[in-house]
Amino acid sequence: MKNSPPFDIKDFTRSELAVICKEQKAPAFHAGQIFEWIYKKGVTDFREMSNIPKTLASYLEDKYYFSLLKTLKREKSKDLTEKFLFGLSDGSAIETVLIPEERRRTLCVSSQAGCKFACSFCASGADGFIRNLSTSEIVNQFLSVNGLLEEKVTNVVFMGVGEPLDNFENVLKAVDILRDEKGINLGKRKVVVSTCGIVPAIRRLTELHLGIRLSVSLHSADDGKRLRLMSVNKLYNTASLIRALKEYVSKEGFPVTFEYVLIKGFNTNPDDARKLSMFVRGVPYKLNLIPYNANPFFEWQTPSKREIQEFTGILREKKVFYTLRRRRGDDISAACGMLRFRAV
Ligand code: SAH
């Protein structure tokens with residue numbers, strides 16, 4: 001009996017496939033054709049790739065397999081947000097969320113099973129860290145959901161479970177495949193990577209200059225308060241974070257997005273608003289304010305309308321522009337910070 005092939009074809013970017021083609025003494029352009037078969041035509045058999053030389057196809061068939069995620073569960077919220085539970089090959093499961101809006105459909109993908117960073121308000125880290133997702137496990141979240149839709153996914157945000165910049169190589173390869181014109185071909189700016197603020201990884205991204213849109217979970221511009229929310233602030237404080245972001249933005253030439261979760265009685269007083277306005281000074285930014293989604297894991301609460309109005313009033317006075325995000329998918333536990341890794 002034939003052994004099953006050792007490698008997952010969707011773990012490889014087009015340039016990596018080009019190297020494989022050359023090693024097999026075939027022209028590098030076949031990598032683009034293979035990509036089109038996989039990502040545009042949905043073909044899962046190398047023998048169907050009619051413009052690929054037979055010898056190359058049979059080599060690939062021996063070495064590479066096509067992975068699939070098992071859809072274990074699909075739930076739809078009243079507001080049309082959908083949550084998917086996908087089974088992985090090791091028996092664990094991850095969550096992915098589809099957020100349909102008027103003109104776009106955003107897919108929120110997970111980058112790790114669990115999370116190391118254990119932010120004190122986020123359910124995604126509550127069960128600890130299991131492992132990084134592979135490139136194909138990230139790409140397959142997109143392919144699985146997109147395949148079910150008539151109106152296709154337009155945007156991908158790495159805001160599901162995990163810290164994308166802590167799974168640097170696999171996430172960057174997935175971003176490459178998602179944006180590759182021969183691959184999934186999402187626009188360059190349609191993929192957003194969110195981070196809790198890992199400064200050395202932001203610096204690496206600056207060096208690589210890939211034009212990746214970054215979103216940073218800030219939640220407080222005060223080091224003491226941010227540390228209570230996010231232990232990562234012990235390693236990389238707000239001063240080092242903003243320095244790295246200024247360099248990133250000046251290299252890339254587009255703004256960074258800050259996420260600021262509004263937590264009742266904690267990071268919403270006038271002093272917090274003033275510190276936030278000082279923090280964003282001098283860096284082109286977008287600011288999203290998200291009322292905290294209360295959940296059974298933590299004591300933190302959602303602020304009242306009035307508390308939010310007072311906070312945003314000061315921001316407006318200080319000429320800080322922001323978008324107040326509305327909560328989506330909370331009836332199916334698909335809202336920000338409610339996603340979890342499941343051992344099934
Ligand atoms: N680790 C990355 C990617 C996760 S994104 C990061 O930190 O950016 C998930 C977003 O949801 C983060 O901005 C996180 O801070 C936010 N979040 C977590 N719990 C939340 C909650 N209960 N209510 C609202 N947002 C929450």
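Both counts, for ligands and for their atoms, begin at 1 and track the order of listing.
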Q: In sequence, state the C-alpha distance, the side-chain angles, and the governing distance for Glu48 and Lys41, and then conclude on salt bridge (charged side-chain N to carboxylate O under 4.0 Å, His left out).
A: CA-CA 11 Å; Glu48 280 179 39; Lys41 299 179 190 136; over 6 Å; no

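- No cation-pi contact links Lys264 to Tyr292, judged by a cut-off of 6.0 Å to the six-membered ring centre and 45° from its axis.
- The salt bridge (charged side-chain N to carboxylate O under 4.0 Å, His left out) pairs that include a residue from residues 189-201 number zero, where partners must be two or more places apart or lie in different chains.
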Between ligand 1 and the protein, find all N/O pairs closer than 3.5 Å and give the distance for each.
residue: ligand 1; atom: 1 (N); partner: Gly162; partner atom: O; Å: 3.0
residue: ligand 1; atom: 1 (N); partner: Glu163; partner atom: OE1; Å: 2.9
residue: ligand 1; atom: 7 (O); partner: Ser217; partner atom: OG; Å: 3.2
residue: ligand 1; atom: 8 (O); partner: Ser194; partner atom: OG; Å: 2.6
residue: ligand 1; atom: 8 (O); partner: Thr195; partner atom: N; Å: 3.3
residue: ligand 1; atom: 8 (O); partner: Thr195; partner atom: O; Å: 3.4
residue: ligand 1; atom: 8 (O); partner: Ser217; partner atom: OG; Å: 2.6
residue: ligand 1; atom: 13 (O); partner: Ser217; partner atom: OG; Å: 2.7
residue: ligand 1; atom: 15 (O); partner: His219; partner atom: NE2; Å: 2.5
residue: ligand 1; atom: 22 (N); partner: Asn293; partner atom: O; Å: 3.0
residue: ligand 1; atom: 23 (N); partner: Asn293; partner atom: N; Å: 2.9
residue: ligand 1; atom: 23 (N); partner: Asn293; partner atom: ND2; Å: 3.4
residue: ligand 1; atom: 23 (N); partner: Cys336; partner atom: O; Å: 3.4

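- Summarising the local packing, NZ of Lys116 is surrounded by more than 12 heavy atoms from other residues, nucleotides or ligands at distances under 6.0 Å.
- Proximity of Thr96 to Phe142: side-chain heavy atoms (C-beta onward) are nowhere separated by under 4.5 Å.
- A donor-acceptor distance shorter than 3.5 angstrom exists from the side chain of Lys40 to the backbone of Gly183, with no hydrogens or angles considered.
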